[in-house]
**Student:** 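Before we start, here is the structure in question, set down as C-alpha cells.
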Amino acid sequence: MKILIVGNGGRENAIAYAVYNSDSFKRNSGKLYITGSNPGSEIFAESVSIEPTDLKSLSEFALLNNIDLTIAGPEIPLSMGIADEFISKGLKIFGPTKKAAEIESSKIFSKELMKKAGVPTADFRSFSSEDITTAEEFLGKSEYPLVLKADGLAAGKGVVIAENFEEAYETLKEFCSGEKFGKSANRFLTERFLTGEEVSVFAVTDGTDHVLLPFSQDHKKISEGETGKNTGGMGAVCPVKKFMTDEMVFKINSKIVKPVLKQMKKDGREFKGCLYCGLMIVKDEPFVIEFNCRFGDPETQAVLPLIESDFTELLFASAENEISEYSLKVKEEYSCCVVLASEGYPDSYEKGKRITGLDKTGGSCIVFQSGTKKTGNEIITDGGRVLSVTGISKTSLSDAVKTAYENAGKIEFENKYYRKDIGFRQLNNI
Ligand code: AMP
Ligand code: GLY
C-alpha cells in the first residue's frame with residue numbers, strides 16, 4: 001500500500017503518525033510519502049520535493065509511483081482543485097473537490113449554503129468592496145460587538161471582532177483598500193457576535209454518510225485566557241466531554257452535518273473528506289462559526305492519537321464511498337497538545353534556532369513537528385509554529401495536560417514561546 005500526504009505541518013505529521021500506525025497499513029507493507037521535508041515526518045515517510053500547490057506534478061508523481069491514496073492536508077491545494085486533478089487521472093484522494101472546498105474558501109458561499117440548508121449560524125450580511133457606502137451605513141446602524149469577515153482564505157487573519165463603529169469602519173477600509181488582504185476581501189460579510197463556548201467537530205464523510213471524531217477544543221489566541229492576537233491555534237484538548245452528550249451529538253448530526261452534506265450533494269458539490277465544523281455552543285444549542293474543508297491544526301494532533309479503529313481504512317472509506325461500513329472506535333483516553341512557537345508569532349519571528357531536548361521527551365507523549373528543518377545533525381526552527389507536544393493519559397485530562405507541559409519543558413530553543421493554560425476551560429469547568 002502506497003500513500004502520499006500533501007502538506008507538511010504538525011497536522012500532516014499527525015496524519016502520517018496515524019497512518020503509519022494503522023494495522024491495514026502495516027499488514028499491506030505500507031509505504032508513506034510526504035511533500036516537503038521535516039525531520040518529524042521523515043520518521044514515518046519519505047520526503048517528496050514537490051510543492052503542495054504544484055497539482056500537476058503531484059498527480060504525475062502519484063501515477064508514476066502507483067500511489068493508492070493521496071491525503072490532502074491543507075486548504076490551499078484543496079481550494080485550487082487537487083481532488084479534481086487526481087480524480088480526472090483516475091487517482092484516489094482524501095479531500096473535497098474545488099467546488100466542495102468552497103465551503104472554506106468562500107465564507108459568503110458557506111453562509112449562503114447554511115441559510116439554504118437551514119443550519120443554525122449567526123445572522124449575516126454580505127458586501128462587495130464597491131459597496132463601501134452601503135456598508136458604512138450598515139455599520140452605523142449595527143449593534144456591537146460586530147464580526148467582520150473577509151470572504152476568501154486569509155490564514156485565520158480575515159476575521160475581526162469590532163467593539164464599536166470606529167473599529168468596524170477601520171476594518172471596512174482595510175478590506176476595501178485591498179492592501180492588507182488582497183483579493184480575499186473583495187467581498188466580505190458582517191455577522192452577529194455570538195457568546196458561548198467553541199468546539200471543533202470533525203465529520204469524516206464520503207458525501208452521504210459520516211462519522212464524528214471525538215470533539216476537540218482549539219486555543220486560537222496567542223496569550224493566556226484567550227487574549228491577544230488570533231493565531232492558527234496554540235493548543236488543543238480532546239475529548240471535550242461536556243459537549244459529547246447524546247443530545248448534542250444528535251443536534252450536530254441532524255441540524256448541521258446531515259443538512260449540509262445533503263444540500264451540497266443536491267447542488268452538485270458533493271463533499272468528501274473531513275468537514276471541520278467550528279461550532280459555538282450557545283445555551284446548549286450548536287451554531288456554526290465556520291466550516292473548513294480539512295482537518296484542523298492543531299486539533300488533529302490531539303484527536304488522532306485517540307482513534308483506536310484503523311485510521312487508514314477510515315480515509316479509504318471516505319474516498320471509496322464506504323463510510324457506512326466503517327465502525328469508529330475511540331480510546332477512553334485524554335489528550336492535550338501544546339504548540340511551541342517562535343516568539344513574535346503570529347507576526348514576525350526569527351528562524352534557524354537550534355532545537356535541543358527532543359530526545360528527552362517520551363512516556364505518554366508524542367512530539368509532532370511543523371516549522372522545523374534539519375541542517376547537518378541538528379534540528380532547527382523554521383516557522384512560527386514549531387512543534388506540537390501532545391500528552392496522552394488513560395486517567396484524566398489534567399494528567400494529559402501535565403504530561404504535555406512536562407515534555408514541553410524539556411525541549412529548548414531560543415525564543416521558545418507557548419501558552420501555559422491549554423485546557424483551562426475543561427480543567428476549570430469554565
Ligand atoms: P473563523 O475564522 O470564522 O473561525 O473566525 C475566527 C474566530 O473568530 C473564531 O474562532 C471565533 O473565536 C471568532 N468568531 C468568528 N465568528 C464569530 C461570531 N459570529 N461570534 C463570536 N465570535 C466569532
Ligand atoms: N485550528 C483551526 C484551523 O485549523 O483552522
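Both ligands and their constituent atoms are indexed starting at 1 by order of listing. Residues: numbered from 1 along the sequence shown.
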**Student:** Taking only heavy atoms of Val147, which atoms of ligand 1 are found under 4.0 Å from at least one of them?
**Tutor:** 16 (N), 17 (C), 18 (C), 19 (N), 20 (N)
**Student:** Under a 4.0 Å heavy-atom limit, does Arg294 contact ligand 2 with its side chain, its backbone, both, or neither?
**Tutor:**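 For Arg294, the contact with ligand 2 is made by the side chain alone.
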**Student:** Suppose we call two aromatic rings close when their centres sit under 6.0 Å apart. Are Phe215 and Phe243 close by that rule?
**Tutor:** no
**Student:** Parallel, tilted or perpendicular for Tyr17 and Phe44, by the 30°/60° rule?
**Tutor:** perpendicular
**Student:** Do the side-chain N and O atoms of Glu299 and Ser216 include a donor-acceptor pair separated by under 3.5 angstrom?
**Tutor:**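 No, no side-chain donor-acceptor pair sits under 3.5 Å.
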**Student:** State which residues pass ring pair (Phe, Tyr, Trp, His ring centres under 6.0 Å) with Phe291; sequence neighbours excluded, sorted by chain then number.
**Tutor:**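 Expected list: none.
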**Student:** Between Val282, Leu279, Asn230, flag the one that comes closest to atom 7 (C) of ligand 1 by a heavy atom.
**Tutor:** Asn230
**Student:** Please report whether the ring centroid of Tyr417 lies less than 6.0 Å from that of Tyr349.
**Tutor:**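 No, the ring of Tyr349 stays outside the 6.0 Å limit from the ring of Tyr417, centre to centre.
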**Student:** Counting only heavy atoms closer than 4.0 Å, does ligand 2 sit against the backbone of Tyr276, its side chain, both, or neither?
**Tutor:**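 Within the 4.0 Å criterion, Tyr276 contacts ligand 2 through side-chain atoms alone.
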**Student:** Suppose we measure from atom 20 (N) of ligand 1 to each protein heavy atom; which comes out shortest, and what is that distance?
**Tutor:** Leu194 N, 2.8 Å
**Student:** May I ask you to decide if the ring planes of Phe181 and Phe175 are parallel, tilted or perpendicular, using 30° and 60° as cut-offs?
**Tutor:**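 Judged by the thresholds at 30° and 60°, the geometry between Phe181 and Phe175 is perpendicular.
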**Student:** What residues, two or more places apart in sequence or in another chain, satisfy side-chain contact (heavy atoms from CB on, under 4.5 Å) together with Asn8?
**Tutor:** Ile34, Asn38, Ser41
**Student:** Are Lys420 and Tyr418 in a cation-pi contact, defined as NZ or CZ under 6.0 Å from the six-membered ring centre and within 45° of the axis?
**Tutor:**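 Positive - Lys420 is close enough to the ring of Tyr418 and near enough to its axis.
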**Student:** At less than 4.0 angstrom from any non-hydrogen atom of Asp218, what atoms of ligand 2 do you find?
**Tutor:**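 Going through ligand 2 atom by atom, the ones under 4.0 Å from Asp218 are 1 (N), 2 (C).
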**Student:** Show me which atoms of ligand 1 lie under 4.0 Å from any heavy atom of Lys220.
**Tutor:** 10 (O)
**Student:** So, Tyr276 versus Phe295, ring centres under 6.0 angstrom or not?
**Tutor:** no
**Student:** Which of these, Glu104, Glu198, Glu191, has its nearest heavy atom closest to atom 11 (C) of ligand 1?
**Tutor:** Glu198
**Student:** Given that the side chain starts at C-beta and the backbone is N, CA, C, O, which of these parts of Lys149 lies under 4.0 Å from ligand 1, counting heavy atoms, or is it both or neither?
**Tutor:**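 The side chain, only.
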**Student:** Should Arg11 be counted as touching ligand 2, given the test is an N or O pair under 3.5 Å?
**Tutor:**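 Arg11 vs ligand 2: no N/O contact under 3.5 Å.
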**Student:** Once you restrict to heavy atoms under 4.0 Å, what part of Glu299 touches ligand 2? Side chain, backbone, both or neither.
**Tutor:** side chain
**Student:** Only heavy atoms of Met280, strictly under 4.0 Å: list the atoms of ligand 1 that pass.
**Tutor:**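 Result: 21 (C), 22 (N).
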**Student:** For Asp151 and Lys107, indicate whether the former's side chain and the latter's backbone hold a donor-acceptor pair under 3.5 Å.
**Tutor:** yes
**Student:** Any non-hydrogen atom of Gly296 lying under 4.0 Å from ligand 2?
**Tutor:** yes
**Student:** What protein heavy atom sits nearest atom 23 (C) of ligand 1, and how far off is it?
**Tutor:** Ile289 CD1, 3.9 Å
**Student:** Within the distance-only criterion (no hydrogens, no angle test), does the side chain of Asp131 pair as donor or acceptor with the backbone N or O of Thr134 below 3.5 angstrom?
**Tutor:**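 No; judged by distance alone, with no hydrogens or angles, the pair does not exist.
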**Student:** Is it the case that ligand 2 has an N or O less than 3.5 angstrom from some N or O of Gly232?
**Tutor:**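 Indeed, backbone or side chain, Gly232 has an N or O that close.
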**Student:** Please identify which atoms of ligand 1 are closer than 4.0 Å to at least one heavy atom of Lys107.
**Tutor:**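 The list of qualifying atoms is 1 (P), 2 (O), 3 (O).
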**Student:** Just going by heavy-atom distances, which of Val159, Leu146, Ile161 is nearest to atom 5 (O) of ligand 1?
**Tutor:**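 Minimum heavy-atom distance to atom 5 (O) of ligand 1 goes to Val159.
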